[in-house]
Amino acid sequence: MNVKLYLNEIVRLIDNRVPVKAVYNQLAPLAEQARLGLPMPQAGAGYLQWPLPGNDWRPFSQALEEEKPVIAKLYKQRKEQLTAAYKTSPMMDAALTTPSEDFIYFRKNETDYDISLVAWGYRYPNQTPCKELNTWIKKEILQNVRIGFEWDGQLLENFLFYLDHFDRKTSADGWFDIKQPLPVGNEYVLKITSGTTFILKVEHGKEDYIFDVTQYAFVDITVQKDNVSLKGCTCEVIFNDRHYQLMTDEAGTASQRIPLVCTPLGELEQPQPVCQVTCQSERKEKVPYNDGDRLAFRFFFQTEKPEEPDKPKPDSPVETEPEKPEEENTEKEQDATPQFVELELLDYGGYPLVELDFILVTKKKGEVSLKTDANGICRVPQEWFTKKEKFKIKFSVSPEYQQIHDLHDVKSKKKYGKK
């Protein structure tokens, strides 16, 4: 993109006897080292323009209020690094002056901001030029911050972590309160004893920052019949008193990610409980094993081929039972068809909670972990319920889920339903 100004609008500050190209050749290498863009002006018919790489640049005046103090501080640091090489000189002072703060451009990068000066060395004839952004540094927005770590949805008490290399611990309520407010836009490195690091970026209006440290294992199930993959086979998984209902796919496989058990201090408990899987009326138990970069429970079920009945001898009469009436068979087939109950989860606004993990509690099954589909619905077998049973559904909405699905209440909720 190009920023254009007409020559009759601006006044040159650099001595006319000194070519702009010579000033640019002196400053550009040092400006690049200081990460301060200084594009070479291009002359046109009655105008000058300054080229910037890409089309995502914005003038400082269009920055968000919480961005301005951060950009102003970076600009001051980079400008000081550049001027340190020249100390103080009239040429340097003139060259790093712009008509207004509108000619200090910025864009976001992976770590902070790129900053460039356009119309450098010029000013408006009847307006005070811009040399610094220091007044914005004093307008820094501060935000109260507290930090928590959770395992499987529960905040961890007395959890050890490092904040910018200093060791800290959460309190008995699972929170670590930072005593003084932090500047909005600042980033801090958090590290836990396992070596995992998190980045905390202070956001305007956000006080609580929760980081998930849960470790998971995968339950991998394969079901075959007569050495052929068995599709649509229901398998029940039990781990740490939680129940999961899975169904095999076309390949005869099913997989479920489950949270492992931790100690009160947030460390992985050793040894882990066994995992039970029931499939095709057969139950197996396993302990987790290392499967590359993850822990896993692997189960294999093989249904043997049934023995063929003895063929009747040629001279022996074959007795057959008469066929039952078609209506009776149809009625039994209908009775044998499994019945399902549809559960629909809605938020307080009446909108469906889509793809949300939740726990169903019934008298027959206890706690079962399930998940709604893209319409906020989950189908469960009717046989899980007693007649006219009042059942309970438990779930919590994480900040990440709230952000993705545009919800407005992230408090834990409990809903009751009637079958």
Side-chain angles (χ1 to χ4, degrees), residues 143-178 182 186-203 205-219 237 239-242 244 255-270 272-273 275 288 290-297 345 347 353-359 367 369-372 393-414:
Q143 174 66 52
N144 291 323
V145 171
R146 64 176 186 170
I147 301 169
F149 296 87
E150 66 177 8
W151 187 294
D152 193 18
Q154 299 294 321
L155 287 173
L156 295 170
E157 306 172 8
N158 303 313
F159 184 76
L160 175 66
F161 68 101
Y162 297 88
L163 173 59
D164 280 348
H165 308 293
F166 292 97
D167 59 307
R168 299 286 187 264
K169 274 189 178 181
T170 58
S171 60
D173 63 359
W175 291 103
F176 174 77
D177 286 288
I178 297 179
L182 300 178
N186 277 16
E187 293 184 353
Y188 301 89
V189 178
L190 309 179
K191 188 174 182 179
I192 61 177
T193 54
S194 67
T196 303
T197 59
F198 302 92
I199 301 297
L200 186 158
K201 182 175 182 179
V202 183
E203 299 178 25
K206 181 177 179 180
E207 181 175 354
D208 296 341
Y209 297 82
I210 300 176
F211 299 92
D212 188 3
V213 297
T214 312
Q215 295 187 44
Y216 295 88
F218 287 81
V219 179
V237 179
F239 180 78
N240 192 30
D241 296 328
R242 286 189 179 179
Y244 306 85
S255 184
Q256 174 72 43
R257 190 182 76 157
I258 58 176
L260 294 169
V261 181
C262 72
T263 68
L265 296 178
E267 298 174 350
L268 194 63
E269 185 175 279
Q270 298 293 349
Q272 287 287 306
C275 180
N290 286 316
D291 183 17
D293 58 350
R294 68 174 191 168
L295 288 175
F297 301 89
L345 272 62
D347 64 11
L353 294 168
V354 301
E355 297 178 352
L356 177 70
D357 294 311
F358 68 95
I359 296 176
E367 290 192 356
S369 295
L370 300 167
K371 188 173 185 177
T372 59
I393 291 175
K394 300 188 294 185
F395 63 88
S396 63
V397 178
S398 66
E400 291 79 9
Y401 184 94
Q402 179 202 18
Q403 183 177 4
I404 294 172
H405 298 281
D406 193 24
L407 302 181
H408 302 284
D409 190 347
V410 296
K411 297 180 180 178
S412 296
K413 312 178 185 68
K414 291 184 177 179

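If you read the sequence from its start, that first residue is 1, and numbering goes on from there. Note that the structure is predicted; figures quoted are calculated from it, not measured.
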Applying salt bridge (Lys or Arg N to Asp or Glu O under 4.0 Å), name anything that partners [X], two or more places apart in sequence or on another chain.
| X | value |
| --- | --- |
| Asp177 | none |
| Glu367 | Lys394 |
| Arg257 | none |
| Asp212 | none |

Side chains of [X] and [Y] in contact at under 4.5 Å (non-hydrogen atoms):
| X | Y | answer |
| --- | --- | --- |
| Val237 | Cys275 | yes |
| Ile359 | Leu370 | no |
| Leu182 | Tyr188 | yes |
| Val219 | Tyr244 | no |
| Gln215 | Leu268 | yes |

Between [X] and [Y], what is the shortest heavy-atom contact and its length?
| X | Y | result |
| --- | --- | --- |
| Pro288 | Pro273 | CD-O, 4.4 Å |
| Ala217 | Ala296 | CB-N, 4.4 Å |
| Arg146 | Asp208 | NE-OD1, 2.6 Å |
| Leu156 | Cys262 | CD2-SG, 4.3 Å |

Go through the structure and list residues passing side-chain hydrogen bond (donor to acceptor under 3.5 Å, both in side chains) with Asn240, not counting sequence neighbours.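 Checked Asn240 against side-chain hydrogen bond (donor to acceptor under 3.5 Å, both in side chains); zero matches.
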Scan for side-chain hydrogen bond (donor to acceptor under 3.5 Å, both in side chains) pairs involving residues 147-161, sequence neighbours excluded, and state none if there are none.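 Qualifying pairs, neighbours excluded: Asp152-Arg242.
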Where do Ser194 and Val213 land on the side-chain contact (heavy atoms from CB on, under 4.5 Å) test, with the steps shown first? CA-CA 10 Å; Ser194 67; Val213 297; over 6 Å; no
Assess whether atom OH of Tyr216 is packed by more than 12 heavy atoms of other residues, nucleotides or ligands within 6.0 Å. yes
Flag if over 12 foreign heavy atoms under 6.0 Å of NZ, Lys169: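 Open.
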Could you measure the distance from the [atom1] atom of [X] to the [atom2] atom of [Y]? Nearest 0.5 Å is fine.
| X | Y | atom1 | atom2 | result |
| --- | --- | --- | --- | --- |
| Thr170 | Phe159 | OG1 | CZ | 7.5 Å |
| Trp175 | Ile147 | CH2 | CD1 | 9.5 Å |
| Lys191 | Thr197 | NZ | OG1 | 7.5 Å |
| Phe218 | Gln256 | CZ | CD | 9.5 Å |
| Leu295 | Asn290 | CG | CG | 5.0 Å |
| Thr196 | Leu190 | OG1 | CG | 11.5 Å |

Under the 3.5 angstrom rule, does the side chain of Gln272 hit a backbone N or O of Val261 as a donor-acceptor pair?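 Yes, Gln272 side chain to Val261 backbone: donor-acceptor pair under 3.5 Å.
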Would you say Thr372's side chain and Leu356's backbone share a donor-acceptor pair under 3.5 angstrom?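 Pair found, side chain donor or acceptor close to backbone of Leu356.
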When you look at Val202 and Gln143, which way does the side-chain contact (heavy atoms from CB on, under 4.5 Å) test go after all the steps? CA-CA 7 Å; Val202 183; Gln143 174 66 52; 3.7 Å; yes
Would Ile192 and Phe211 count as a side-chain contact (heavy atoms from CB on, under 4.5 Å) if you check the C-alpha gap in whole Å, the side-chain angles of each, and the deciding distance to 0.1 Å? CA-CA 11 Å; Ile192 61 177; Phe211 299 92; over 6 Å; no
For Phe176 and Phe161, run ring-ring contact (aromatic ring centres under 6.0 Å, His included): C-alpha distance rounded to whole Å, both residues' side-chain angles, the deciding distance at 0.1 Å, then the answer. CA-CA 10 Å; Phe176 174 77; Phe161 68 101; 5.6 Å; yes
Determine whether the aromatic ring centres of residues Phe239 and Phe297 are separated by less than 6.0 angstrom.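 Yes, ring centres under 6.0 Å apart.
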Apply the test side-chain contact (heavy atoms from CB on, under 4.5 Å) to residues Leu160 and Asp167: give CA-CA distance (whole Å), side-chain angles for both, the deciding distance (0.1 Å), then the verdict. CA-CA 7 Å; Leu160 175 66; Asp167 59 307; 4.0 Å; yes
